[in-house]
Amino acid sequence: TFVYNRCISRMAKCFRWGEALDILARMAELGAMPNSYCVNTALNACGKAGRIQEAVELMEDARASGIELDVVSYNCAIPACVAGGKWEQALSMVREMRTKYGIEPNHITYQAVIKVCGRCGRADEAADLLREMKAGGAALKTPVYSAVLNAYRRIDHWQGAVSLVREIHDWKPVGPNVFNYNLAICTCADCGKWEEALELLHYMRDVGGVEPDVVTYNIVVAACGKAGEAQKAIEIFREMSEVGLKPDVISYTTAISACGSGGTADEAVAIFREMAGAGVPPNIITHNAVVAACVAAGEWERALEIFSEVFD
RNA sequence: CUCCAUUAUUAA
């Protein structure tokens, strides 16, 4: 039975749902007893491949042959609902497991159904599920927060992302981590809201008690650059070092390209020159950025100069 | 032996 299950698992990883179901069907005639693990693995194959119908039938068949389904079964099957945008069906599956079969959804279940809602653009439903999850006593996990935040990001709803992360900032026993804040800040950045992005950076540190990392700063610098706020971008780039963070190659590249929107070629080149002293080697993207920044500043001679220096 | 952001969030 283990051996068969491993085979099914391989098929699931390759999105070969048809073969997965085949193997499961032949187990009996080859004298192996399919257990709930095998069924779950096959459900996982259906889930990954978006085969809702097959998943539902498999669950019915399994029950008919006396195999007890569990929370993992639902966790495996629910992701099938992304195909065709069946977020309502995902919700009804959660209802079904609880009311009809007495299986309590866990944080993985919620994560799965929240992801489905997110993929379907239903961010507010995703947030409601998170609240339901907290109320129901399922373990709070940062990946679940990310799933909801990603839902808002998909629909460019920065207000939703910001208010959600503020809502959960003091949740016990697990609040949002840097990763979660970065996602919310990134959503603001995507929407061109650099002030909100910066505000959230301060909020996470001062209210949330979560230290911003290099990625956090990079996102905010990029947001400023994108909004044409080159001076602000440079200021925040500097602040990174002041608070003891070590700018990486992305930080430098982001700051350099921010100079291209409202800054000067001198500023861009100056930051580029600092990299050597900081021991951060530039890459091809950095080189592109510094040339592009000179061009954007209208200094094409400077651009050519840097170009030939860098692309010898 | 099956489900879990870790081919997780940031740059030209």
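Just so it is clear, the values below take in all heavy atoms, side chains as well, and ignore hydrogens, waters and symmetry mates. The sequence lines fix the lettering, A, B, ..., with proteins before strands; numbering per chain opens at 1.
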Between [atom2] on [N] and [atom1] on [X], what's the gap in Å once rounded to a whole number?
{"X": "Ile236(A)", "N": "U10(B)", "atom1": "CD1", "atom2": "C1'", "value": "14 Å"}
{"X": "Met11(A)", "N": "C3(B)", "atom1": "CE", "atom2": "C1'", "value": "19 Å"}
{"X": "Ile103(A)", "N": "U2(B)", "atom1": "CD1", "atom2": "P", "value": "20 Å"}
{"X": "Arg153(A)", "N": "U9(B)", "atom1": "CZ", "atom2": "P", "value": "8 Å"}
{"X": "Ile271(A)", "N": "A12(B)", "atom1": "CD1", "atom2": "C1'", "value": "15 Å"}
{"X": "Ile114(A)", "N": "C4(B)", "atom1": "CD1", "atom2": "P", "value": "15 Å"}
{"X": "Tyr4(A)", "N": "U2(B)", "atom1": "OH", "atom2": "P", "value": "18 Å"}
{"X": "Leu69(A)", "N": "U2(B)", "atom1": "CG", "atom2": "P", "value": "18 Å"}

- So Lys193(A) and Val162(A), side-chain contact (heavy atoms from CB on, under 4.5 Å) or not? Walk me through it. CA-CA 11 Å; Lys193(A) 297 290 173 185; Val162(A) 171; over 6 Å; no
Side chains of [X] and [Y], donor plus acceptor under 3.5 Å:
{"X": "Thr253(A)", "Y": "Thr286(A)", "value": "yes"}
{"X": "Asn75(A)", "Y": "Asn40(A)", "value": "no"}
{"X": "Asn182(A)", "Y": "Thr216(A)", "value": "yes"}

Measure from the side chain of [X], starting at C-beta and using heavy atoms only, and say which of [options] lies closest.
{"X": "Asn283(A)", "options": "A11(B), U9(B), U2(B)", "answer": "A11(B)"}
{"X": "Ser257(A)", "options": "A11(B), C3(B), U10(B)", "answer": "A11(B)"}
{"X": "Asn288(A)", "options": "A11(B), U9(B), A12(B)", "answer": "A12(B)"}
{"X": "Val215(A)", "options": "A12(B), C3(B), U9(B)", "answer": "U9(B)"}
{"X": "Asn5(A)", "options": "A11(B), C4(B), C1(B)", "answer": "C1(B)"}
{"X": "Asn44(A)", "options": "C3(B), U9(B), U10(B)", "answer": "C3(B)"}

- Please test Tyr203(A) against His169(A) for ring pair (Phe, Tyr, Trp, His ring centres under 6.0 Å), starting from the C-alpha separation and ending with a verdict. CA-CA 10 Å; Tyr203(A) 178 90; His169(A) 86 272; 5.6 Å; yes
- Can you measure from OG1 (Thr254(A)) to CD1 (Ile271(A)) and round to the nearest 0.5 angstrom? 10.5 Å
Looking across every strand, which nucleic acid part, if any, lies under 4.0 Å from [X] by heavy atom: base, sugar-phosphate, or nothing?
{"X": "Asn150(A)", "value": "nothing"}
{"X": "Thr41(A)", "value": "sugar-phosphate"}
{"X": "Thr286(A)", "value": "nothing"}
{"X": "Ile219(A)", "value": "sugar-phosphate"}
{"X": "His287(A)", "value": "nothing"}
{"X": "Asn177(A)", "value": "base"}
{"X": "Lys115(A)", "value": "sugar-phosphate"}

- Item | Pairwise C1' distance for A12(B) and A8(B), with rounding to whole Å | 23 Å
- Measure from the ring centre of Tyr37(A) to the centre of the six-membered ring in the base of C1(B), then say whether that distance is under 5.5 Å and the planes meet at under 30°. yes
- Message: Can you see if the side chain of Lys13(A) gets near the phosphate of C3(B) - specifically, an N or O under 4.0 Å from OP1 or OP2?
- Response: yes
